[in-house]
Every structure is written in C-alpha cells, then in structure tokens.
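Since the structure comes first, as structure tokens, the remarks are kept for the end.
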Amino acid sequence: MHKRFEHKEIETKWQKKWAESGIYKTTESSKPKTFVLDMFPYPSGEGLHVGHPKGYIATDIYSRFKRMTGHEVLHPMGWDAFGLPAENFAIKHKVHPRVAVDKNIANFKSQLEKLGFDYDWDREINTTDPSYYKWTQWIFIQLFKKGLAFESHEPINWCPGCQTGLANEDLEADGTCERCDSVVEKRPMRQWVLKIREYADRMLEDLDTLEWPEHIKEAQRNWIGRSEGAEIDFVLSTGDTVTVFTTRPDTLFGATYMVLAPEHELIFKNRTAISNISEVENYIKEAANKKEMDRLDDTKEKTGVKIEGITATNPANGEEIPVYIADYVLASYGTGAIMAVPAHDERDWEFAKKYEIEIRQVIQVPEEYRLEKEIVERGTIIYVSPGRLINSGEFNEMDSEEAKKAITKKVGGRMTNTYKIRDWVFSRQRYWGEPIPIVHCGKCGPVAVPEDQLPVTLPEVEHYEPAGDGQSPLANIDEWVNTTCPTCGGAGKRETNTMPQWAGSSWYYLRFMDNKNDKALVSKENEKYWAPVDVYVGGDHAVRHLIYARFWHKFLYDIGVVSTNEPFQRLEFLGFILAEDGRKMSKRWGNVINPDDIVELVGADTLRVYEMFMGPFENTIAWSKDGLAGARRFLERVNGLSAHINKNETKEVTTLLHKTIKKVREDIEAFKFNTAVSAMMIFVNLAEKEGLTNHSYETFLRLLAPFAPHITEELHHEAGHDESIHVAEFPSPDHTLTVDTEVTIGVQINGKVRGDITISPGAVEEEALSEAKNIPNIKTKLEEGKIIKVIYKPGKILNIIID
RNA sequence: GCCGCGGUGGCGGAAUUGGUAGACGCGUACGACUCAAAAUCGUAUCUCGCAAGGGGUGAGGGUUCGAUUCCCUCCCGCGGCACCA
C-alpha cells in the first residue's frame, strides 16, 4: 500500500538531468546576488567521511533557498591541493604529486556529486593549476613591490621532521610542528617574510564590523595580541639608551630595576663594562638551551643575573637602579627590555622577592583589597589593578589612566602599541608549492619576475625530498635555477623556496568570481557584483587561514583590486561530526563512515536531512545510525503524503503550513536548520492525520526542496510539473494566517499553573478571567481565597494572586 | 592565570524583549498487525505519588506576581591565549 521510496533510482536520475539542463549555471545578472562559500577542501587520499559534507549541505540549502527567492547565486567548489601530504606521498611512491592530486580530486568530486549539490562546476578552481597560481604569484609580486615581502635572516622556526621553516601559526601551543609533532627549533636562515604586522591594527579593529561568532573574533584578537602602552628610554651608566615597552607607564616611579632579555644586543656591545661578564654569558648560554629543551615547563621559577658594573637611571625620579638579565623577558616581544615594577606586576614581584630588590608601592591599594590579602611582603602588597598614584612626586593623587599619558610625556616617552602577532614567515624549503617568483641578481639583488612572464611553473624534478641543508629540491635543477636578471640582463638565479600551504587559500574566493580570466586576477565588474562573500562556512582555521586571507584581502583593497574592506561578511562556524563511539572519525580507530555507503543505503536526501537535524549547526555531535533512520522515516512519510490529499483541509492545517513556511524561511536565513526540519516534521504529522489540499501539498514540497532536492523534485514532477522544483518560487507565508486568532494560555494561581484557556489574543482581562472561572479546578481555588491581584498579559499568561 | 562560550530527560536537542519547561527526533515500554520476526501503526515516556498534590533547567543566593531566560557568588565542561611587560 505504501509507495516505495526508491532513493537510488530517483537520485541518479535527477542528478543526471540537473547536470544536463544546467539549472545551476551561475551568471552575472541583474538579480541581487548571494555568494555562499565553503572552506574548500584539501583533497586527501582518504576521501570524505560523513563529517565533511555537513557544511556543504548547509551552504547547498542556503544557496538553493536564495535561488528560489530570486537571487543569483554563486556556490562554488574547488581544491586546495598544494601541501605536504601529496608531496610525502610522492616521495614514498616516487610519482609526481600531480598524479596523486588529480586522483584524489576525482574521488572527492565523485563523492560530492552523489550528494546532489548545486555547484556550477564551470567555476571549479585548483590552487595547483598554473593558471591559478599565476595569480598567487602575482599577489606576491605586488607585496614585494610595496615592500611588504622582504628577505630576512632572523632565526625562525625550523621543523627537523618536515625539513622546512615554519610560521608561528604552524606551531602547536607546546612548540611542536602541527604536521609531524617534531620539536621545532630556532634556526637562523634566509627566508621571505610578509609584513602582516602592518595590518594588525586594521585586522583588529575591523573585526567589530563582521558578523562572526564571538569565539573566532576572540581567537583573532588574542592572536594579534595588541597591548597599548608606552616606550620609555632609560639611560645607562655606559651612556647607552635602552628603550623599554610598558603598558603601565603610570607606575614608572615604582620601577626599582630593569631587565634585559638574554638575547639583548646591549650585552655584546658592553662586554668590557660588565664586571661579571662570564657569569652573564653563562646565563645567556643556559637560557638559549633551556628554551629549546622544555618550553612546557610551567613550574619554572624565575631566574636571572644582575649585571655588575652597569646601572640605569629611572627617568621619572633620577634614581639609579640595577640592571638584570633574565629569560622571563622575551627578546621577540616589545623591545626585549622592561622596566620592572615589583609592587604592581606579578612577575616582577616574584623576581624581586627572590633577588631581594626593593618593592616600592606607587599605586594606592584600596582598603578592602588590603584586608582581603593577607600576604604583605616588606610592608607591600602586590596590586596589579589601576588606581590612584602615591610616591610619585608631582603625579600623586592622579588616576592611573591620566598618569599614563602625563608621565610618559614628562620623561619624553611615546605612547605606542605592541603586538604578539609575528610577521609571516612565507618560504618553505619543499617542492610542492608555488615557486616564489623572484630572481636573485648579484648586481640588482632580488628582482621580481616580470608579470608577463608569470606563472613561474614548477619544474620537473627527480627527487622530491628536501635536501636537508635548508634548500628546497628545486635548488638542484641548475637549468631551472640559472636564468637572466629581468632588470640588467646579467646572470641571475631563481628563488628556490616555495610558498606555504596557506598561500593559495588566502585569496581563492576571489577567483571563483571570474575563474577563467587570464588578464586579471578578477575583473572589476565581477568583483563588484559578487563581493563580499555573504556567508562563509567552515570550522577550525579560526586563526591561520582567516588571518592570512583577511591580510591579503586588505592589501588587495589597498592596491585597488577589491572593493570591500573585508572578504567574509558573515561566518558560520561548523561543528564536527564524531563517530558513533564519541571519538573523532579516523582510520586509526576504524570508525570512519563513508558518505558513499550512506547514500547507497538510505540516499543522499536522508543524509542531508539527518545532518541538518542532528542539532545546532555549530555543535559537535556524534553520528547516530538510529537518528539517520529517523530522517529516512520522515522522508518516507513525505513520499507517501500524496495519499492524504483531499479537496479540502482544516483551517488548522492551512494555518500550520503558513507558520511553517515563516519558520523555515527564518531558520534557513539564521542557519538554524535543525528547527527548520523539526517544523516540517510537525507539519507532516498533522497533514497525515487531517489531510491536506493539493495546493498545500505542492507548497510543502517546495519548502522541503532545498533540504531534500531529489525526492521533492520527483514528487513535484509526479504532481504534473515540467520545470524543475529548484527554479520554482520558494513559498511565502500569508501573514494573515501566521497570526493566531486564538491562543491557549496558561492560567496560574499564585504563580502555579492550574489549567489553560483558549481565547483570542486580543481578549481583555474580564474575558480571560471569566473563561478561567469555567475551569472547575480554578473555580474551586478561587472560592477558597480572595483575589488580591490579577496579572494578565494578552496572549501570554493569566496569573491570579489570591490570599 | 586571563579572555570567550556553554551546563535543560536515558540520548541529540526545543523554548530566552521574563509568561504553561522538555517541541521535534532517537531510545525504551506496552498494544495492534503477523505462524513468527522485521517493517509499519497506536499509546505512554522529567521525577516522587494510587490520587490530590509536590519537586525539577550545574549549586547557592537575589530581583519579580512569575526566572532555563536578568543580577551576584561558586562548581564543572569546551575553545583561545599564556613569563606578551
């Protein structure tokens, strides 16, 4: 009796027809646009598991919804295919990484196609395609020309496992390589660096303009790590000036010593002035070793050595103070030197106690705080909050905020900011990446490859292994390396480092707007039409990709390539799907579920509805085959719903349909797919029980179409339509029907629910009260006491207070 | 330690301009159909209680006629940063 739900037949049929008819073709048109984007995948050899498509399903629903509501939609897919896994595979199997990449892409694509997505494959991109990385190189050259890409010889993170330099962002919190878990070393070497710090302020401030989840904005703020403070110069007894950075210039009168980082250049400069130079140099050596050995040790007690023979002068009060060298001061942050105020800084406090240095209070400690704290050391309490100044000469009684500026000014300091974010170490000594388009010339130095000679393509090599000497495999190919200088025509050598994995993904969204253009990265017209990305969907990557892409975008904005300040207006964070056992899906645990198997078993529509119904989109939730079966059951009932079509339907059904339409529209817009599905289930439950008209039935199919594109298309055609349901108009609610004419509200006696009444939402208090008195239970209660107060909120609640 | 987010049945979760807590789905129990099972359908399902009624949204307090929602203190979980001056 039940119509069978032949998902396999239906899905293959429609996928083929959609591809042939080109209903998902994207064009630049006069319609309003929507650009919906997924973080494009790295096509790994393992293929997709059921967690991967979750975000793609969401953007697919969103883009179908937008198309059905009259928008031109760009919903593309591409491949982020440079990087170490393909290269390591190549090393192991002695095949070109290209071979593995092409194979993996083909596999990914076939897996995605089975899920019925509405991608326009004409817009596909691949970061390893020379016609693509030509523009990655072009961006690098623009950065170079503006002085934002430069060569540096500073020590950088070197991964002995991957045999390459790494950016700060590529390290785990414990200082290991995020790819191979090796302990990363510091190694001085020549490298290309991008001045991302120049954009730190703009990246920080513009976060406020973005519709992004708070935790991601917060992660970016932390990573950029701006501290507002002042630089203050201290004159040493040697006559040198040392600049310190402090966020608390208001406490300058309490600076009783000064600390230099072990790497501070001043030590080398003044060896002869230091009477305990061997002790100092020993400490420097130890500090250098210690740092590499265990950065994890958080029980570390502060250590340091007093530099004998050199003192500094506190510019606020002219007092002579000792100078220490200690590794709790980092060379890479601020100026590598600090003024130490033990009374108002916990680290300085700890150090001063250990080395018996004067602790001088210069901020008044509030009495309540003093009483709370029992530890008073040498008459002083550590107090790190701002407050009112004492022991600070003319600045006494001043408030911290005011004093920061006043004191800085008095001692000739400068208010300034400092940042935790490091400039982006951009070169890798590996094969499978974009060649950095630079030629080194003995006469002209590093010279950009002329734009008309781009792309600089990756040459064929015999060995993909890194040389191990800090050179990339490209360095061995003499005929490729040796070239002529574009400027003077003399002998030149090509740069042999390649770009990091993150280069291609830092601007790929732009290429989708105009992926065939070989004259420009993106044409002005197309960029104007599509930018910015309206909704960007992905997980992870809170810092790296999203920081790098914002940086490049802002740079492209500055040179006039793009017209918006930010690339991704709205970001929706994707929660992952865990295996049924609650662990991450991984080959290692043998708990990976392949979407191909699910599609085979219950169909793509079921998978789609299930993944959206699992829970809030941003939550990480374990897979459940029972839950999947529930989604399948729902679609089977939809498949059989036509059996309940009648000439007429109850008002309740009509009303619920329109409320459901309203809810689904709002929920898709807000990425609340779980409650959208729930609302549609509620409608089907009622429609099955009470029957529905053909008109309501067809309306419902269009409502469900973005979620379950195959079965709805099938039923839509079965109902006599020739055009695809996916180019039909999305239902709009009749607002006269979404507003209730009758509502059921709770009746409370003294705040306890004792029953409910059904009345018009506009009913006045008297009506509600008399209605309530019809309830026996309530009536009895009311007779027991005297009404002293009635709280009536129309449409919400009736609360009767009795004595 | 600092910052951000969160804590609701057996499970995923719903409901927040303060207004009937537990929608929807899963699971479970019982029933129908069946020789039987699966599938399907029906009923029940926060908890104590035969019932009337009581308790209940991490814990404790507060504001309010009324608190999952607002405020304070605390506990726990997740995420980011972490000797960053």
Side-chain angles (χ1 to χ4, degrees), chain A residues 1-2 173 213-227 229-230 244-249 251 255 258-259 261 295 297-298 300-303 326-330 332-341 344-348 350-351 384 418-421 540 542-543 573 575 609-610 613-616 618-631 633-634 636-637 640 672 674-685 688 743-757 777 788-802:
Chain A
M1 52 171 259
H2 258 286
E214 197 47 48
H215 71 273
I216 295 187
K217 290 194 192 184
E218 193 57 27
Q220 296 219 347
R221 286 189 196 106
N222 283 338
W223 192 260
I224 294 167
R226 178 163 86 183
S227 294
V244 304
F245 174 75
T246 177
T247 54
R248 295 296 302 278
T251 62
M258 166 178 210
V259 188
R295 293 172 56 157
D297 186 13
D298 47 2
K300 53 199 153 193
E301 198 183 320
K302 289 189 178 33
T303 59
D327 67 359
Y328 82 90
V329 172
L330 309 175
S332 55
Y333 183 77
T335 60
I338 63 158
M339 62 180 228
V341 185
H344 306 291
D345 180 281
E346 284 183 27
R347 295 149 301 183
D348 298 345
E350 206 186 299
F351 191 83
V384 297
T418 189
Y419 305 86
K420 278 191 252 186
I421 192 171
D540 222 353
V543 174
F573 185 81
V609 168
Y610 170 59
F613 185 61
M614 287 178 92
E618 67 277 10
N619 283 19
T620 292
I621 303 170
W623 180 264
S624 151
K625 58 178 179 311
D626 289 330
L628 180 73
R633 243 168 259 154
F634 168 62
E636 278 177 359
R637 297 167 77 181
K672 288 160 82 174
N674 57 328
T675 48
V677 173
S678 156
M680 289 187 283
M681 286 173 168
I682 293 169
F683 176 76
V684 170
N685 288 346
E688 270 190 343
V743 285
T744 301
I745 65 171
V747 180
Q748 303 179 328
I749 303 286
N750 291 350
K752 295 266 177 216
V753 178
R754 298 298 175 192
D756 53 50
I757 52 174
N777 197 7
I788 49 175
K789 192 176 179 188
V790 174
I791 293 120
Y792 173 60
K793 299 277 173 187
K796 303 263 189 190
I797 201 82
L798 175 66
N799 188 6
I800 305 164
I801 310 302
I802 62 171

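Excluded from the calculations below are hydrogen atoms, water molecules and symmetry mates; all remaining heavy atoms, backbone and side chain alike, are included. Every chain is numbered from 1, with letters handed out A, B, ... down the list of sequences.
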Quick one: NZ on A:Lys793 to CG on A:Leu798, what's the gap to the nearest 0.5 Å?
12.0 Å

Distance col, row A:Asn799:CG vs A:Arg754:CZ, nearest 0.5 angstrom, shows 11.0 Å

Looking for any heavy atom pair under 4.0 Å, which part of the strands does A:Thr620 touch: base, sugar-phosphate only, or nothing?
nothing

Taking A:Asn750 for the side chain and A:Ile802 for the main chain, is one N or O donor matched with an acceptor at less than 3.5 Å?
yes

Pairs: protein N or O with nucleotides 26-34 of chain B N or O, under 3.5 Å:
| unit_1 | atom_1 | unit_2 | atom_2 | d |
| --- | --- | --- | --- | --- |
| B:rC26 | OP1 | A:Arg633 | NH1 | 2.5 |

Any idea which of B:rC24, B:rA85, B:rG12 is nearest the A:Ile621 side chain?
B:rG12

Rounded to the nearest 0.5 Å, what's the gap from OH on A:Tyr419 to OG on A:Ser227? Could you check?
9.5 Å

Under 3.5 Å on both distances, the Watson-Crick or G-U partner of B:rA59
B:rU73

Answer yes or no: does a side-chain N or O of A:Asn674 lie under 4.0 Å from OP1 or OP2 of B:rA14?
yes

Side-chain N or O of A:Asn619 less than 4.0 angstrom from OP1 or OP2 on B:rG13?
yes

Interatomic distance, A:Met339 atom CE to A:Asp345 atom CG [nearest 0.5 angstrom]
9.5 Å

Give me, pair by pair, the N or O atoms of the protein and of nucleotides 53-57 of chain B that are less than 3.5 Å apart, along with how far apart they are.
| unit_1 | atom_1 | unit_2 | atom_2 | d |
| --- | --- | --- | --- | --- |
| B:rG54 | OP1 | A:Arg754 | NH2 | 3.4 |
| B:rG54 | OP2 | A:Arg754 | NH1 | 3.0 |
| B:rG55 | OP2 | A:Lys752 | NZ | 3.2 |

Could one point to a donor on the side chain of A:Lys789 or the base of B:rC65 with an acceptor on the other under 3.5 Å away?
no

Between A:Asp348 and A:Asp756, whichever has its closest RNA chain B nucleotide further toward 5' is A:Asp756

Suppose we define a pair by two distances each less than 3.5 Å, Watson-Crick or G-U wobble; what does B:rC65 pair with here?
B:rG19

Close N or O pairs between protein and nucleotides 1-10 of chain B (under 3.5 Å):
| unit_1 | atom_1 | unit_2 | atom_2 | d |
| --- | --- | --- | --- | --- |
| B:rC3 | O2' | A:Glu218 | OE2 | 2.3 |

Quick one: is B:rA85 close enough that its OP1 or OP2 comes under 4.0 Å of any side-chain N or O from A:Tyr328?
no

OP1 or OP2 of B:rA85 less than 4.0 angstrom from a side-chain nitrogen or oxygen of A:Ser227, does that happen here?
yes

Rounded distance in Å between the C1' positions of B:rU16 and B:rA38
44 Å

Taking the side chain of A:Thr246 as heavy atoms from C-beta outward, which of B:rU17, B:rU20, B:rA85 is closest to it?
B:rA85

Take atom P in B:rU68 and the same atom in B:rA21, then report the distance between them in whole Å.
8 Å

With a 3.5 Å limit on both atom pairs, tell me what B:rA32 is paired to, counting Watson-Crick and G-U wobble, or say none.
B:rU40

Within 45° of the axis and under 6.0 Å from the centre of the six-membered ring of A:Tyr328, does NZ or CZ of A:Lys302 qualify?
yes

Please determine, for the side chain of A:Ser678, which listed nucleotide (B:rG19, B:rC24, B:rA85) has the closest atom?
B:rC24

Which nucleotide in B:rU20, B:rG12, B:rA85 has an atom nearest any side-chain atom of A:Ile338:
B:rA85

For RNA chain B, whose closest nucleotide is more 5', that of A:Gly755 or that of A:Met614?
A:Met614

Please tell me which of the listed nucleotides, B:rA15, B:rA85, B:rC81, lies nearest to the side chain of A:Phe245?
B:rA85

Which of B:rG19, B:rG13, B:rA85 is nearest the side chain of A:Asp345? It is B:rA85

Are the side chain of A:Arg248 and the backbone N or O of A:Val384 linked by a donor-acceptor pair below 3.5 Å?
yes

Watson-Crick/G-U partner (both atom distances under 3.5 Å) of B:rG1:
B:rC81

